[in-house]
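Below is one structure, written out as structure tokens; comments come after it.
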Amino acid sequence: MSKRIKVIDIFTASVDQNYTVMGWVRTFRNNQFISVNDGSCLANLQVVADSDKMGEDLTKRITSGAGISISGKLIVSQGKGQSVELIAEQIEILGDCDPETYPIQLKNRPSLEYLREIAHLRFRTNAFGAIFRVRHALAYGIHKFFNDRGFFYMHSPIITASDAEGAGEMFQVTTLNLKDVPKNEDGSVNFKEDFFEKHTNLTVSGQLEAELAALALGQVYTFGPTFRAENSNTTRHLAEFWMIEPEVAFNDLDDNMDLAEDMLKYLIQYALDHCAEDLAFLEQRLLDEEKNKPQAERSEMSLLQKLNFCLEHPFERVSYTEAIEILKNSKPNKRGQFQYPVDKWGADLQSEHERYLVEKHFKKPVILTNYPKDIKAFYMRMNDDNNTVRAMDVLFPGIGEIIGGSQREERMEVLLNRMQEMHIPADEMSWFLDTRKYGSVPHAGFGLGFERLVLFVTGMTNIRDVIPFPRFPGSAEF
RNA sequence: GCCCCCUUAGCUCAGUCGGUUAGAGCGACGGACUGUUAAUCCGCAGGUCCCAGGUUCAAGUCCUGGAGGGGGCGCCA
């Protein structure tokens, strides 16, 4: 048997040579043509088989989804539609696939909703193959972007005793027997008996740990799983997701915005450069899906147009105060079309307001800055007006907030004041506050929701479709 | 957590005002077919109408409750 070659490589391999290809059958046409996919790329390899030579028994086992190995000679294709094809000399069924029960036939049209319920098999479809190859490219691109800029990849802890970050509800981590929980005399749980001898949770953010590293190594980023026990039921929330959190010493808010914009543009370009075939497929998928929608609900731009548009235009940088003025004077606000009317400075922006700014007013990504201190986290740097903080939210069309970040409050006294105001227990945070005690310097960072980026780049609309095994309230299948 | 919608064949969906034996396309299965491209053509089978109650002479259709799914909002990345 000749050496095995992947489908992606065979398209550029020398013809008139013998190769072995292993993959899964997509279709079998005319008792002669087997489309084989091995996941290395979107395209299938056309295998030309002689059913007389194969015999009836083998022919019957070539069904959609079957695992198969083919050895033969690669030739310039005798038909249209592909450059090369493999003339089968030897075919072996590696794994049979019962067509009566196999739920994915290429000619079928299973919905995304249905595929979500068979998440273990949806990898076999063109769409999810494309999505997860793009997801990989983006993950790799993130490491490359930061590595090329001299950042250090920092692993922040997944289990943490800190629950003072205020970033959301946390999942508890415990080895205590829940049927017989050890109690203190006052009836509270005795965590001294627990594995870590204290109350621990899954992390909701690696930021505070990243700050410690940045204030020594200069430029760091984390990229790891993040857990929020919020009861969020939306197309943009997961209970378990991946987050990228760069943190840079000596950066101010403007540097932070530059880094965020550079990074997003780099990653979009990286996907365009390395996933052209998959993105073209996803673009077509989106067009097909939107054919059934009324004109008004269709996207103004195709997927590739949208991605290129983001690359070509600078993100709009607007302060919260300016945004409120725009919203106050906007048509939908004056006509009472907002569910939450915009009337006074200080209120948090609702997603309908963010969508208006991004999708209607500016029609491009927007970075909102300098929010009122009362609606932002304790660690954000106070401006001289004593009223706003150096926060930034990057808003993308269709996604909403893709990045949230800020310049950090490096002044110990101001930080302590803010913690007191917001009831953050400073005594539990001494490890964090020590950075402000010993050689504190200005610094800034942000968090990028990885799945929200994948959503945007793939043109998908539900975040559960861009992570292999989605976890959300009421569901931790597979 | 709140609001709205959906659940009929393996998949995607029709099913009129509550009225006879439940409909289509695709898939699967049987057959034909050696240059097909989601192949095509012929044939055939396939139903707990999500579940449990209720109203009615009669329920896929109406009512109540439950389960599962989807979308919107809130929280956020």
Side-chain angles (χ1 to χ4, degrees), chain A residues 26-35 43-54 56 59-60 63-65 77-82 85 87-88 97-118 125-126 165-169 204-207 225-245 260 288 292 297 338-340 348-352 354-355 375-377 393-396 399-405 446-456 461-465 472-475 477:
Chain A
R26 283 293 170 81
T27 64
F28 184 27
R29 297 182 293 270
N30 206 8
N31 266 354
Q32 191 184 8
F33 301 101
I34 311 169
S35 273
N44 303 322
L45 173 68
Q46 169 150 297
V47 171
V48 185
D50 186 329
S51 62
D52 292 338
K53 217 165 86 182
M54 282 192 292
E56 199 177 326
T59 305
K60 281 197 170 176
T63 61
S64 290
S77 179
Q78 306 297 293
K80 291 173 186 168
Q82 57 279 316
E85 58 196 18
I87 306 299
C97 185
D98 182 0
E100 298 251 19
T101 55
Y102 188 55
I104 301 164
Q105 306 285 340
L106 184 62
K107 285 183 274 189
N108 230 343
R109 281 292 166 92
S111 63
L112 295 172
E113 291 80 8
Y114 173 67
L115 290 169
R116 250 170 245 157
E117 293 171 29
I118 51 167
T125 63
N126 282 335
E165 289 159 25
E169 292 298 310
V204 292
S205 164
Q207 179 199 316
T226 310
F227 307 88
R228 305 266 169 100
E230 302 284 351
N231 193 6
S232 298
N233 293 289
T234 79
T235 54
R236 352 174 259 291
H237 289 87
L238 290 164
E240 177 185 284
F241 63 101
W242 289 65
M243 188 154 64
I244 297 100
E245 294 179 286
D288 291 344
N292 300 320
E297 289 174 31
F338 283 139
Q339 192 184 339
Y340 299 87
D348 209 351
L349 297 181
Q350 307 296 318
S351 50
E352 60 178 349
E354 296 179 349
R355 277 212 310 277
I375 57 173
K376 286 293 178 184
D393 284 0
V394 181
L395 309 178
F396 263 35
I399 309 293
E401 187 179 343
I402 196 167
I403 280 178
F446 59 82
L448 166 72
F450 183 56
E451 283 75 16
R452 289 188 180 177
L453 174 70
V454 183
L455 257 191
F456 182 75
T461 52
N462 190 320
I463 202 162
R464 296 171 189 177
D465 291 331
F472 49 95
S475 182
E477 294 301 308

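What you see is a predicted model, and the numbers here were worked out from it, not measured in a lab. When reading the values below, keep in mind they use all heavy atoms of this one structure, side chains included, and skip hydrogens, waters and symmetry mates. Lettering of chains follows the sequences in order, A, B, ..., and the numbering in each one begins at 1.
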Not counting sequence neighbours, which residues clear side chain to side chain contact (heavy atoms under 4.5 Å, CB included) with T235(A)? List them please.
->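 T235(A) satisfies side chain to side chain contact (heavy atoms under 4.5 Å, CB included) with N462(A) only.
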Listed nucleotide nearest any side-chain atom of [X], set [options]:
X	options	value
K60(A)	rG31(B), rU34(B), rU36(B)	rG31(B)
R228(A)	rU34(B), rG74(B), rC76(B)	rC76(B)
Q82(A)	rC76(B), rG27(B), rU36(B)	rU36(B)
E85(A)	rG35(B), rG27(B), rA38(B)	rG35(B)

Under 3.5 Å on both distances, the Watson-Crick or G-U partner of [N]:
N	result
rU34(B)	none
rC29(B)	rG43(B)
rA24(B)	rU12(B)
rC2(B)	rG72(B)
rG65(B)	rC51(B)
rG19(B)	rC57(B)

Please determine, by modelled atom types, if Q105(A) and R26(A) share a side-chain donor-acceptor pair under 3.5 angstrom.
->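 No, no side-chain donor-acceptor pair sits under 3.5 Å.
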Are side-chain N/O atoms of E245(A) and S205(A) paired as donor and acceptor at under 3.5 Å?
->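 Per modelled atom types, E245(A) and S205(A) side chains form a pair under 3.5 Å.
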Less than 4.0 Å between a side-chain N and a carboxylate O, is that true for D288(A) and R109(A)?
->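 Looking at R109(A) and D288(A), the cut-off is not met.
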Interatomic distance where [atom1] belongs to [X] and [atom2] belongs to [N] [whole Å]:
X	N	atom1	atom2	value
E113(A)	rC13(B)	CD	P	8 Å
Q350(A)	rC76(B)	CD	P	10 Å
D348(A)	rA77(B)	CG	P	11 Å
E230(A)	rC75(B)	CD	P	10 Å
N30(A)	rU34(B)	CG	P	7 Å
R355(A)	rG71(B)	CZ	C1'	12 Å
I463(A)	rA77(B)	CD1	C1'	8 Å
N31(A)	rC41(B)	CG	C1'	14 Å

Touch class at under 4.0 angstrom, heavy-atom based, for [X] against every strand present:
X	answer
Y340(A)	sugar-phosphate
S64(A)	nothing
S232(A)	base
E100(A)	sugar-phosphate

Name the residue closer to the 5' end of RNA chain B, choosing between Y114(A) and R452(A) according to the nucleotide with the nearest heavy atom.
->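 This one resolves to Y114(A).
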Nearest-nucleotide comparison on RNA chain B, the residue closer to the 5′ end among M243(A) and R116(A) =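 It is R116(A), whose closest nucleotide lies nearer the 5' terminus.
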Measuring to OP1 and OP2 of [N], would you say a side-chain N or O of [X] lies under 4.0 angstrom away?
X	N	result
S111(A)	rU12(B)	yes
Q105(A)	rA28(B)	yes
R236(A)	rC73(B)	yes
N462(A)	rG71(B)	yes
S351(A)	rC73(B)	yes

For the residue pair T125(A) and L115(A), establish whether any side-chain heavy-atom pair is separated by less than 4.5 Å.
->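 When only atoms from C-beta onward are counted, L115(A) and T125(A) do touch, with a gap below 4.5 Å.
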Are any of the side-chain heavy atoms of D393(A) and K376(A) separated by less than 4.5 Å?
->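 Touching, per the 4.5 Å side-chain cut-off.
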Flag as yes if F241(A) stacks onto the base of rA77(B) (centroids under 5.5 Å, planes under 30°), otherwise no.
->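 Stacking between F241(A) and rA77(B): present.
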Inter-nucleotide P distance (rU16(B), rC75(B)), Å rounded |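 Each nucleotide's P atom is 42 Å from the other's.
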Show your reasoning for whether side-chain hydrogen bond (donor to acceptor under 3.5 Å, both in side chains) applies to R236(A) and T234(A).
-> CA-CA 5 Å; R236(A) 352 174 259 291; T234(A) 79; 4.6 Å; no
